[in-house]
Student: 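Pasting a structure here, questions to come.
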Amino acid sequence: MPQAAETPVRPDPDLLLAWYDRHRRTLPWRAPVGARADPYRVWLSEIMLQQTTVKAAGPYFLRFLERFPDVASLARAPLDDVLKLWAGLGYYSRARNLHACAQAVVALHGGRFPDTEAELLDLPGVGPYTAAAIAAIAFDRPAVVVDGNVERVMARLFAVEEPMPAAKPRLRRLAAEVAPVRRPGDYAQATMDLGATICTPKSPACALCPWDDPCRARAGGAPQTYPRKTAKAARPQRFGVAYWVERADGAVLVRARPLKGLLGGMTEIPTGAWDEAIDLSAPLAALAREAPVAGRWRRLPGEVEHVFSHFALRLAVLACDAPAGLKAPPGARWAARDALDGEALPSVFRKVAALARAEFSRKA
DNA sequence: TACTCGTGGCC
DNA sequence: TGGCCAAGAGT
């Protein structure tokens, strides 16, 4: 007997698990089929994957695993070593919390990750998603794992009209209703893989989807329009000046940023304030007003553009040659220009260094 | 609750 | 080219 059209069809977890068994991807942090996952690797990968693509996180994961093969070795390391290895991956509070979390696992749990969501949630940098993911994937506990993929899949399955982010609690409830008790780790990874490879944001491959039948967004003809969203605010543009101070021996002035806030704890090329009102076409003397040292400044050709999550930045770069005996001002230090790669230098400052080095080598 | 917090790839 | 997007957490 045919089912009435208005009767919702429940998505069948077994269909998804069968799809997962056929299409399971090999990822650097994923244990072989049947093998038990290492909680340390699961945790490390989940932290790195927060708001970060698999492609970007992969090389970092392998480098971390080689340098810090277990949680104890990571806990023993100086924070700066961790920041250096994390440089370029972004969201640097993750690196600071990663280090704090490793130390907490050693100090409070004898070097073994706890296996319950509640205990995991108490660890630095571990929120609702990550606690559930570790519980499910590393310990096969029936946790409801909800990330952006799962939210998108649920929004489409049930054609949720409420816009994000207000719809989050509703999507979580739906995810909990659909989730099976069996194979929690596999199911969690299956829902995320589905969102990452089939139920993608822009052009979902519904023809290949194991849940195409119960999906109400697909039935409606425009699955790519879910989840609904409210309009985002425009990204403001800020301006600033970076100061490249180079000695004849190739040493460059750098300094550490405050532990809290943007790029917290990372190394920087000295810059002045970043503000919307700064005019980069102002006279040289005005641009040099916040310089870290007195000197004969010149403006380098070109500018550095960089986009952060909540504002865009354009930097003018001023340079000056430092006398051999110049002492670094308080809070600053000299770093070898050709060893900046190994510093905990965020991308925006690597762009500054690239611009300055190009100009200096042209001159030389 | 709403804002802060990076980066690189994609179309 | 520029907005959008990625396995969110902290405050």
Side-chain angles (χ1 to χ4, degrees), chain A residues 25 27-30 37 41-61 83 86-98 100-101 120-138 143-153 164-166 168-169 172 175 185 187-197 199-204 224-225 227 229-238 257-266 268 274 305-313 344-351:
Chain A
R25 295 183 292 169
L27 299 172
W29 41 83
R30 200 166 263 183
R41 299 186 190 205
V42 173
W43 163 71
L44 179 59
S45 68
E46 291 301 341
I47 301 299
M48 288 186 168
L49 287 166
Q50 289 167 7
Q51 298 291 287
T52 305
T53 59
V54 165
K55 181 180 169 61
Y60 283 85
F61 176 81
L83 294 179
W86 196 278
L89 195 55
Y91 284 142
Y92 298 101
S93 66
R94 290 185 297 173
R96 301 194 300 276
N97 285 329
L98 186 83
C101 183
L120 288 163
L121 206 46
D122 278 339
L123 296 170
V126 177
Y129 160 75
T130 304
I134 296 173
I137 298 170
V144 180
V145 179
V146 183
D147 72 334
N149 288 305
V150 176
E151 288 177 341
R152 184 169 59 255
V153 169
M164 296 288 276
K168 280 173 177 282
R172 163 169 288 283
Y187 178 78
Q189 294 176 86
T191 51
M192 293 190 283
D193 274 16
L194 186 72
T197 64
C199 196
T200 57
K202 303 219 169 152
S203 55
Q224 74 281 7
T225 61
K229 288 178 187 161
T230 51
K232 264 184 212 174
R235 211 194 300 268
Q237 174 76 57
R238 297 182 190 172
R257 293 178 63 83
L259 275 176
K260 295 205 170 185
L262 185 69
L263 310 177
M266 302 295 285
E268 68 173 0
W274 300 351
E305 302 225 32
H306 192 77
V307 179
F308 293 97
S309 47
H310 53 298
F311 67 93
L313 180 65
L345 205 64
S347 292
V348 60
F349 299 113
R350 289 177 191 261
K351 291 181 183 178

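Note on naming: letters A, B, ... go to the chains in the order of the sequence lines (proteins, then strands), and numbering restarts at 1 for each one. On a predicted model such as this, the values are computed, not experimentally measured, just so you know. Worth knowing before you read on, the calculation uses all heavy atoms, side chains too, and leaves out hydrogens, waters and symmetry mates.
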Student: Output yes when a side-chain donor or acceptor of A:Y187 lies under 3.5 Å from a complementary backbone atom of A:V144, and no otherwise.
Tutor: no
Student: Could you tell me the separation between the CD1 atom of A:I47 and the C1' atom of B:dC5, rounded to a whole number of Å?
Tutor: 15 Å
Student: Under 4.0 angstrom, heavy atoms only, what part of the nucleic acid is A:W86 near: base, sugar-phosphate, or nothing?
Tutor: nothing
Student: Indicate the ring-plane relationship of A:W274 and A:F349, choosing parallel, tilted or perpendicular according to the 30° and 60° boundaries.
Tutor: tilted
Student: For A:N97 and for A:E46, find the nucleotide of DNA chain C with the closest heavy atom, then tell me which residue's nucleotide is more 5'.
Tutor: A:E46
Student: Which residue lies toward the 5' end of DNA chain C, A:M192 or A:P124, if each is placed at its nearest nucleotide?
Tutor: A:M192
Student: Using atom P in both nucleotides, what's the gap between C:dA7 and B:dT4 to the nearest angstrom?
Tutor: 23 Å
Student: Assess the residue pair A:D193 and A:R30 against the criterion (salt bridge (charged side-chain N to carboxylate O under 4.0 Å, His left out)); give the C-alpha distance rounded to whole Å, side-chain angles, the decisive distance to 0.1 Å, and a yes or no.
Tutor: CA-CA 12 Å; A:D193 274 16; A:R30 200 166 263 183; 3.1 Å; yes
Student: Using atom P of each nucleotide, how far apart are C:dA9 and B:dT1 to the nearest Å?
Tutor: 16 Å
Student: Nearest whole Å is fine: how far is B:dC11 P from A:Q224 CD?
Tutor: 15 Å
Student: Answer with yes or no whether the side chains of A:Q50 and A:Y129 bring together a donor and an acceptor at under 3.5 Å.
Tutor: no
Student: I want to confirm an ordering. Mapping A:S93 and A:K202 to their closest nucleotides on DNA chain B, which one lands closer to the 5' end?
Tutor: A:S93
Student: Tell me what A:R25 touches on the nucleic acid: a base, only sugar-phosphate, or nothing, going by heavy atoms under 4.0 Å.
Tutor: base
Student: Would you classify A:K260 as touching base, sugar-phosphate or nothing, given that sugar-phosphate means primed atoms plus P, OP1 and OP2, and contacts are heavy atoms under 4.0 Å?
Tutor: nothing
Student: Would you mind classifying the nucleic acid contact of A:L89 as base, sugar-phosphate or nothing, using non-hydrogen atoms under 4.0 angstrom?
Tutor: base
Student: Return the residues of residues 126-135 of chain A meeting this criterion: a heavy atom under 4.0 Å from some atom of DNA chain C. Order them by number, or give none.
Tutor: A:V126, A:G127, A:P128, A:Y129, A:T130
Student: Does the ring of A:F311 carry A:R235 above it, NZ/CZ under 6.0 angstrom from centre and within 45° of its axis?
Tutor: no
Student: Could you tell me from which nucleotide to which nucleotide of DNA chain C, 5' to 3', there is an atom under 4.0 Å from chain A heavy atoms?
Tutor: C:dC5 to C:dG10
Student: Base, sugar-phosphate alone, or nothing: which one does A:L27 contact when heavy atoms must sit under 4.0 Å apart?
Tutor: base
Student: Using a distance-only criterion (donor-acceptor N/O pair, under 3.5 Å, no hydrogens), is the base of B:dG8 paired with the side chain of A:S347?
Tutor: no
Student: Determine yes or no for a side-chain-to-main-chain donor-acceptor pair under 3.5 angstrom, with A:K351 supplying the side chain and A:E305 the backbone.
Tutor: yes
Student: Between N or O atoms, less than 3.5 Å apart, protein on one side and nucleotides 1-4 of chain B on the other: list the pairs.
Tutor:
none

Student: To the nearest Å, how far apart are A:Y60 OH and B:dG6 C1'?
Tutor: 10 Å
Student: Expressed in angstrom and rounded to an integer, what is the separation of A:K55 atom NZ from B:dT7 atom C1'?
Tutor: 13 Å
Student: Please name all residues satisfying side-chain hydrogen bond (donor to acceptor under 3.5 Å, both in side chains) with A:T225, sequence neighbours left out, ordered by chain then number.
Tutor: A:R228
Student: Rounded to the nearest 0.5 Å, how far does CE of A:M192 lie from CG of A:N149?
Tutor: 7.5 Å
Student: A:T200 and A:R152: side-chain donor and acceptor closer than 3.5 Å?
Tutor: no
Student: Are A:F308 and A:H310 close enough that their ring centres sit under 6.0 Å apart?
Tutor: no
Student: Just the rounded figure in Å: distance from P of B:dT7 to CZ of A:R350.
Tutor: 10 Å
Student: Determine the interatomic distance between C1' on C:dG10 and the same-named atom on B:dG8; round to the nearest Å.
Tutor: 24 Å
Student: Report which part of the nucleic acid A:G88 touches: base, sugar-phosphate, or nothing (heavy-atom distance under 4.0 Å, all strands).
Tutor: sugar-phosphate
Student: The criterion is side-chain contact (heavy atoms from CB on, under 4.5 Å); which residues satisfy it with A:S309, sequence neighbours excluded?
Tutor: A:Y91
Student: Which residues satisfy the side-chain hydrogen bond (donor to acceptor under 3.5 Å, both in side chains) test with A:S45, sequence neighbours excluded?
Tutor: none
Student: Using a 4.0 Å heavy-atom cut-off across all strands, classify A:R152 as base, sugar-phosphate, or nothing.
Tutor: sugar-phosphate
Student: Considering residues, nucleotides and ligands other than A:R41, do more than 12 of their heavy atoms fall under 6.0 Å from its CZ?
Tutor: no
